There are 2 protein chains.
Amino acid sequence: MVTIYDIAKKANVSAMTVSRVINNSGKIKETTRKKVEQAIKDLSYVPNSAARSLISNQTKTLGLLLPDISNPFFAKLARGAEDKALELGYRVLLCNTDEDAAKEMNYIDMVLSARVDGVLIAPTCDQSLEQIDRLSDHGIPVVLIDRTIEGFQGDYVLGDSYEGSRKLMEHLISLGHHNIAFINGPSNVSTARERLRGYLETLKLNALPIYEHYISEIDFKNVQSGATKKIIEQLLCLEPSKKPSAIFAANNFIAISTIKALKELGLQVPDDISVVCFDEVEPVVYFDPFFTVASQPAQEFGKIGVQFLIERLSGGYQEDERKVVLSPDILIRKSTRSL
Amino acid sequence: MVTIYDIAKKANVSAMTVSRVINNSGKIKETTRKKVEQAIKDLSYVPNSAARSLISNQTKTLGLLLPDISNPFFAKLARGAEDKALELGYRVLLCNTDEDAAKEMNYIDMVLSARVDGVLIAPTCDQSLEQIDRLSDHGIPVVLIDRTIEGFQGDYVLGDSYEGSRKLMEHLISLGHHNIAFINGPSNVSTARERLRGYLETLKLNALPIYEHYISEIDFKNVQSGATKKIIEQLLCLEPSKKPSAIFAANNFIAISTIKALKELGLQVPDDISVVCFDEVEPVVYFDPFFTVASQPAQEFGKIGVQFLIERLSGGYQEDERKVVLSPDILIRKSTRSL
DNA sequence: TCATTTTATGTTACCGGTAACATTTTATGA
DNA sequence: TCATAAAATGTTACCGGTAACATAAAATGA
């Protein structure tokens with residue numbers, strides 16, 4: 001591999017002069033600069049980031065930890081993050097945690113070892129705090145995206161799950177639905193708690209009863225293995241007057257598996273049952289907007305997250321924590337109908 | 001930041017001994033190992049990859065260059081790649097080229113500077129060869145995914161675009177469609193050429209005429225800006241007997257914009273016109289399989305690609321180039337109908 | 001018991017850059 | 001013309017690890 005010394009030799013100058021040319025620092029005679037630049041071109045030299053990192057103590061690299069890049073919501077988020085990182089001269093290391101705390105822990109080790117300058121993370125659960133603290137202990141700034149954690153100190157960018165939940169519920173109630181089941185994500189994730197809060201509060205505000213058996217929890221892996229069907233079956237077993245006329249799915253993946261299960265059980269959406277959820281179901285939405293959703297600006301999460309992160313790590317922002325909570329858009333489409 | 005010297009001092013040994021404990025190399029007395037491990041834990045030391053890279057001349061990092069992570073096809077591919085990389089102890093740097101040769105070039109500089117051990121790339125076009133050669137010149141192995149390039153020397157993993165195209169066309173023809181329009185991607189991408197070849201050949205084999213005005217090209221950016229509509233409008237302007245009864249969209253994004261345009265023009269799929277395409281339209285397919293597609297194993301592309309790449313860079317495989325061409329699955333669903 | 005292995009640990013130099021300081025060259029002005 | 005400032009370039013040491021070699025400590029055996 002070509003080093004700065006090879007260039008120096010070829011251009012008949014010292015390595016330091018080459019370094020100055022590359023970094024445009026110090027005073028360099030025009031003829032020398034030309035010579036050096038020619039040598040760089042001739043030998044197609046590219047500086048070694050590792051060597052630079054060792055001195056500068058920064059890698060110009062960010063860690064991006066999210067559950068699963070093949071979930072369009074997180075893919076959009078990642079895209080926003082990568083775009084902003086590129087714009088600001090940073091690289092992105094991609095990590096899929098699969099909502100798995102153990103995987104997450106290993107990735108934290110990895111990014112620590114990689115000496116990333118900062119970490120953008122959608123934590124798997126509240127227990128992630130311990131791992132995040134390890135990052136902070138090492139002086140690595142962390143920005144949370146999509147989810148927060150109780151006791152976390154620092155910036156975050158999330159959607160307003162409570163508000164979205166409130167509005168989706170109000171929409172269903174306004175359509176005449178009183179028996180609304182709620183299939184939530186794991187309650188050790190902040191979004192799930194907030195969505196539940198919105199669900200319960202809206203029922204209360206509308207003087208509607210809360211049925212415990214309407215509320216269920218399902219995690220990422222069980223959604224993937226099709227366990228949603230069991231939950232739906234149980235809901236459909238209820239006595240006719242208690243049978244839900246609508247289902248509030250806490251996210252797009254749950255919604256998809258819900259629709260699939262309903263279909264397998266011979267039920268049509270929205271004719272037999274209405275369904276709402278969080279997050280767009282991309283890219284269908286572009287040609288056949290079907291789901292009534294609380295749409296979140298995923299790409300913005302990523303962009304703002306990286307912006308905050310880099311402001312922190314470059315010392316450009318030292319003030320209080322910035323907690324950004326973006327409102328979701330409620331998009332009423334074809335998965336809900338009036339009773 | 002805690003270094004190996006801090007550990008050495010704390011444990012009252014030399015830095016070398018600490019290094020040996022960490023890497024499990026050489027002979028270490030059990031009591032010494034314990035002491036060192038305790039110190040590592042106490043100071044929560046994590047080795048600095050940059051320093052290691054400098055000596056070992058490897059970064060355990062791969063570059064992943066693809067058009068756009070928010071395209072579910074590439075997201076799946078990325079997921080497969082990242083999974084395999086993790087399994088084999090490698091990290092992944094994510095790069096979105098947006099089918100833009102200039103962006104691609106900058107990323108090549110970036111991965112060169114980052115001294116990645118290898119690069120997995122879905123090149124933007126045939127002209128990418130020059131950039132890829134720069135990587136090879138620096139001794140960095142490259143594996144192509146999804147697309148190949150004329151004159152490229154090395155491994156690749158792609159789908160069989162020709163075969164998929166042949167089968168989609170045969171399907172349409174078997175349904176009685178003779179007037180089939182083809183909206184292709186840019187012809188400087190190998191997949192587009194192969195799909196066109198399949199299109200033309202199938203018509204020929206079935207003794208059907210080839211109409212030049214049935215064939216059009218559209219690039220990524222124009223698809224996003226909605227330019228598909230103009231193409232569709234022109235197709236619908238043709239005299240009744242020449243009006244296409246089916247459209248072959250070269251990829252899922254083109255298919256989506258096609259359906260959208262058709263809808264805006266008041267046409268129903270498949271009642272008024274049939275549509276087929278390459279690649280699944282995720283995640284709709286899980287609950288409402290609509291598109292008749294040539295489905296490609298994107299995740300496998302990523303996995304095999306990384307596997308090949310790491311075999312190359314670790315010197316485990318030195319034989320001839322491996323050209324893997326995976327057959328697509330033809331899945332007949334609801335976007336096509338018999339005439 | 002003491003030379004000889006074997007085992008355990010330490011020293012030095014280097015990977016490829018750059019900060020800090022040193023030195024040489026050129027320009028400036030009295 | 002020559003002291004002096006300014007400009008251009010060079011030297012040295014270090015960032016945090018580890019390979020290669022050196023040495024000390026413990027184990028072995030005749």
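These numbers were taken from a predicted model, which means no experiment stands behind them. All chains are named by letter (A, B, ...) in the order of the sequence lines, taking the proteins before the strands, and each is independently numbered beginning at 1.
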Problem - By salt bridge (charged side-chain N to carboxylate O under 4.0 Å, His left out) - contacts of Arg312(A) (at least two apart) - result: Asp155(A)

Problem - Length of the line joining Lys9(B):NZ and dG16(D):C1', which is rounded to integer Å - result: 14 Å

Problem - Nearest to side-chain heavy atoms of Met16(B), which nucleotide of dT18(C), dA20(D), dG17(D) - result: dA20(D)

Handout entry: Side chain proximity check, Ile4(B) to Ser19(B), heavy atoms < 4.5 angstrom
Key = yes

Practice task
Apply salt bridge (charged side-chain N to carboxylate O under 4.0 Å, His left out) to Lys103(A) and list each qualifying residue two or more places apart in sequence or on a separate chain.
Solution key: Asp98(A)

Practice task
Please name all residues satisfying salt bridge (charged side-chain N to carboxylate O under 4.0 Å, His left out) with Arg147(B), sequence neighbours left out, ordered by chain then number.
Solution key: Glu99(B)

Practice task
Remember a base hit wins even if backbone is also touched, and classify Asn23(A) as base, sugar-phosphate or nothing at under 4.0 Å, heavy atoms.
Solution key: sugar-phosphate

Practice task
Please name all residues satisfying side-chain hydrogen bond (donor to acceptor under 3.5 Å, both in side chains) with Asn96(A), sequence neighbours left out, ordered by chain then number.
Solution key: Glu82(B)

Handout entry: Selection: residues 35-56 of chain B, any non-hydrogen atom under 4.0 Å of DNA chain C
Key = Leu54(B), Ile55(B)

Completion exercise
From CG of Asn57(A) across to C1' of dC14(D) the rounded distance in Å is 12 Å

Practice task
For Glu87(B), check salt bridge (charged side-chain N to carboxylate O under 4.0 Å, His left out) against everything at least two apart and list the hits.
Solution key: Lys84(B)

Handout entry: Leu112(A) CG to dG16(D) P, straight-line distance once rounded to whole Å
Key = 15 Å

Practice task
Could you tell me the separation between the NZ atom of Lys60(B) and the C1' atom of dG17(D), rounded to a whole number of Å?
Solution key: 16 Å

Practice task
Using the test side-chain hydrogen bond (donor to acceptor under 3.5 Å, both in side chains), find all partners of Asp137(A) that sit at least two apart in sequence or belong to another chain.
Solution key: none

Exercise for the section: Taking side-chain hydrogen bond (donor to acceptor under 3.5 Å, both in side chains) as the test, write out the residues that go with Asp68(A), two or more places apart. Expected result: Ser70(A), Arg79(B)

Practice task
Check if the side chain of Tyr5(B) and the base of dG17(D) share a donor-acceptor pair of N or O atoms closer than 3.5 Å.
Solution key: yes

Completion exercise
If each end axis of the helix from dT1(C)-dA30(D) to dA30(C)-dT1(D) is fitted on five C1' pair positions, the angle between them, to 10 degrees, is 50°

Handout entry: Results of side-chain hydrogen bond (donor to acceptor under 3.5 Å, both in side chains) for Arg134(B) - residues two or more places apart only
Key = Asp109(B), Gln131(B)

Fill in the blank from the handout: Each nucleotide of nucleotides 4-9 of chain D classed B (base within 4.0 Å of a protein heavy atom), S (only sugar-phosphate) or -, in 5' to 3' order, makes ---SSB

Practice task
Indicate yes or no: at least one non-hydrogen side-chain atom of Gln299(A) is less than 4.5 angstrom from one of Asp83(A).
Solution key: yes

Handout entry: Nucleotide dG10(D), atom C1' - distance to CD1 of Ile4(A) in whole Å
Key = 13 Å

Kindly list each side-chain donor-acceptor pair under 3.5 angstrom involving residues 7-14 of chain A, sequence neighbours excluded, with atom names and distances?
unit_1	atom_1	unit_2	atom_2	d
Ser14(A)	OG	Met16(A)	N	3.4
Ser14(A)	OG	Thr17(A)	N	3.3
Ser14(A)	OG	Thr17(A)	OG1	3.2

Practice task
Take the protein atom CD of Gln58(A) and the nucleotide atom C1' of dT18(C), then report the distance between them rounded to whole Å.
Solution key: 13 Å

